[in-house]
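Here is the structure we will look at, set down as structure tokens.
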Amino acid sequence: MTASARTQHRPDSHRPARAGGRPGGAARGLAAGLAAGALALGGVVAGGSPAGAAPADPAGTGTKSAALKAEAGDLLDVTLDQLRPTQPSVGFDQIYYKLGRYGSTKDEQNGDVNKRFDDWCETNGQEEAATVPSGATLSDSTSFTCTVPVGQETDETRAAMKTVVVGPGGELYLTDGHHSLTSFLETPDGGAKTHIRLRVAANLSDLSTAAFWQTMREKKWVWLRDENNDPITTDQLPQRLGLARFHDDRYRSLVYFTRDIGYQAPEAAAEYLEFLWGTWLRDRVDLDTYDLDSPASYLTAIRAASEAMSGTAGDTVIADGRTADELGRMPEWNAGKKPTGGEFGKLSAPISDDKPGKLAYALDFRGRIAATPACTKTLTGKHTGPLVVSSGVLCLNGTRQTGPVVVTSGASLVATGADITGPVQAAGAHTVQFCGTSLTGPLSVVDTKRQLTLSGPGCTLNTLNGPVQLVGNP
């Protein structure tokens with residue numbers, strides 16, 4: 001559809017502001033003292049932080065009830081916070097490209113609507129955006145329209161939708177669309193409560209948990225390898241969407257950027273196709289030898305990877321018994337075009353161009369993400385009891401912490417995708433960073449020396465259930 005056939009608007013740029021043990025009775029006394037001290041602090045905001053807090057997750061009872069009755073092929077309306085991932089990693093740079101473009105006005109300057117509305121409509125089974133008035137947001141799907149009305153979907157528009165499997169108890173397991181839906185969740189006008197419709201791949205709610213996961217493995221509806229291609233268990237999968245919940249698989253991003261240069265997704269694409277190509281590329285392109293902060297060096301890596309993909313014989317087994325041709329190998333690199341043309345030429349366009357390439361958007365967005373200090377100690381899994389950070393950098397990566405957390409002067413705390421039950425106090429800390437973290441209890445951050453991050457580019461919104469005090473921070 002041409003730009004003139006659609007209603008366009010040029011939105012203002014909206015980006016969230018950056019805010020940036022003892023045993024036995026002694027532990028209980030410390031916890032009680034910390035809680036009392038936190039609750040007594042002045043200047044609190046009840047019910048959450050103004051700097052990036054997302055509302056608490058609902059029970060989702062209505063969605064689960066509908067899911068339990070769903071059959072394969074049905075369409076389910078869900079919110080993003082109701083979905084459980086079936087892979088531990090995503091390619092961050094692919095999502096950074098989307099977020100960079102979603103936050104740019106270049107689409108509008110080129111006479112089109114912002115790509116996020118087209119992407120949402122396509123994912124919702126409605127082809128592309130039709131009208132996007134000023135002030136429209138992804139979080140309010142009534143604020144814009146798509147070219148295909150709800151109820152008039154075609155086989156073609158349904159095929160573009162993402163898929164979900166209904167598991168025991170009506171839990172919803174996303175089997176396709178982790179990158180797209182994470183981009184909707186992370187973009188400032190989206191969020192965890194953004195609605196989207198998904199196509200049901202199967203209803204396995206009548207199975208036991210063990211039988212469910214066995215079926216998911218047999219159907220290849222779950223990817224159980226981490227960002228280093230090491231095996232994981234189903235217990236290690238993220239519990240919900242968000243950059244803070246995933247690990248970054250650089251090879252997954254690499255494969256994304258080779259799309260339509262070294263491979264094209266076939267009509268009957270294998271599940272987790274890009275991860276299969278990424279597995280194969282690990283032995284052929286060493287990303288540690290490239291500077292992935294440099295556009296030129298990153299493009300060199302993409303060219304090396306895509307040339308390896310198109311240059312291999314079509315009957316070469318790539319991974320999981322699939323051949324290169326089955327995974328969409330392009331017999332001619334860049335469709336036979338010169339490096340300055342075709343998809344590789346588009347990918348190479350700098351951020352200053354009227355139509356920047358995907359890589360330029362990704363690197364520009366990545367450059368705006370708040371720096372994270374290197375961890376000197378990392379906690380994962382479950383931890384019960386007080387935590388006192390007296391020096392260095394404590395990282396809570398997906399940690400389920402029960403008990404108070406205190407950060408003393410000069411020390412740092414980085415909580416990424418963590419669940420904390422108990423008060424958190426930081427006074428004179430070097431750095432405090434919360435992204436994608438759920439806190440049930442009071443938060444007090446006072447006189448941070450270097451950086452306080454509770455929101456901003458690349459920082460998944462937090463769920464802060466308790467009073468918040470932020471005083472004297474940069």
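All values reported here derive from a predicted model rather than from experimental measurement.
- With Ser306 contributing its side chain and Ile261 its backbone, the two residues share no donor-acceptor pair below 3.5 Å.
- Aromatic ring pairs are classed by plane angle as parallel below 30°, tilted from 30° to 60° and perpendicular above 60°; the pair Phe184 and Tyr102 is parallel.
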- Message: As a quick check of understanding, evaluate side-chain contact (heavy atoms from CB on, under 4.5 Å) for Asp447 and Asn473, giving each step before the final call.
- Response: CA-CA 5 Å; Asp447 295 334; Asn473 300 296; 5.6 Å; no

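- When the salt bridge (charged side-chain N to carboxylate O under 4.0 Å, His left out) test is applied to Lys220, the partners found at least two apart in sequence or on another chain are Asp320.
- Inspection of the Thr147 and Glu127 side chains reveals an N or O donor paired with an N or O acceptor under 3.5 Å.
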- Item | Test log, rule side-chain contact (heavy atoms from CB on, under 4.5 Å), inputs Leu172 and Val78 | CA-CA 9 Å; Leu172 301 174; Val78 304; 3.6 Å; yes

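- Under the 4.0 Å criterion applied to side-chain N and carboxylate O atoms, Arg199 and Asp74 are not assigned as salt-bridge partners.
- Cation-pi geometry between Arg225 and Phe275 is not satisfied (NZ or CZ under 6.0 Å from the ring centre, within 45° of the ring normal).
- The pair Arg197-Glu153 meets the salt-bridge criterion, since a charged nitrogen lies less than 4.0 angstrom from a carboxylate oxygen.
- Side-chain contact check for Arg252 versus Glu227: every heavy-atom pair is 4.5 Å or farther apart.
- Ring geometry, Phe344 versus Trp333: the interplanar angle falls from 30° to 60°, so the pair is classed tilted.
- Side-chain N or O atoms of Asn229 include none that pairs as donor or acceptor with a backbone N or O of Thr279 at under 3.5 Å.
- Side-chain contact of Thr105 with Gln109: a donor-acceptor pair under 3.5 Å is present, judged by distance alone.
- Within the 4.5 Å cutoff, no side-chain heavy atoms of Leu413 are placed close to those of Leu387.
- In terms of modelled atom types and a separation under 3.5 Å, the side chain of Asp226 and the main chain of Ile232 share no donor-acceptor contact.
- Less than 6.0 angstrom separates the ring centroid of Tyr298 from the ring centroid of Phe257.
- Taking the six-membered ring for Trp and the full ring otherwise, the centers of Tyr251 and Trp277 sit at least 6.0 Å from each other.
- Taking the charged nitrogens against the carboxylate oxygens, Asp93 and Lys358 have no contact shorter than 4.0 Å, which rules out a salt bridge.
- When only modelled atom types and interatomic distance are considered, Thr137 and Asp189 share no side-chain donor-acceptor pair under 3.5 Å.
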- Query: Going through the checks in order, is the side-chain contact (heavy atoms from CB on, under 4.5 Å) test met by Arg259 and Gln264?
  - Reply: CA-CA 6 Å; Arg259 188 177 295 176; Gln264 291 177 322; over 6 Å; no

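- A donor-acceptor contact shorter than 3.5 Å links the side chain of Gln451 to the backbone of Ala371.
- Using a 4.0 Å cut-off between a side-chain N of Lys or Arg and a carboxylate O of Asp or Glu, Lys106 and Asp364 do not qualify as a salt bridge.
- At most 12 non-hydrogen atoms from other residues, nucleotides or ligands lie less than 6.0 angstrom from NZ of Lys346.
- A donor-acceptor pair under 3.5 Å links the side-chain atoms of Thr123 to the main chain of Asp119, judged by distance alone.
- Within the 3.5 Å criterion, the main-chain N or O of Thr79 finds a donor-acceptor partner in the side chain of Gln82.
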- Item | Step-by-step side-chain hydrogen bond (donor to acceptor under 3.5 Å, both in side chains) determination, Thr163 to Thr175 | CA-CA 6 Å; Thr163 51; Thr175 53; 2.8 Å; yes

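- Close placement of the Phe144 and Trp120 rings is indicated, their centers lying within 6.0 Å of each other.
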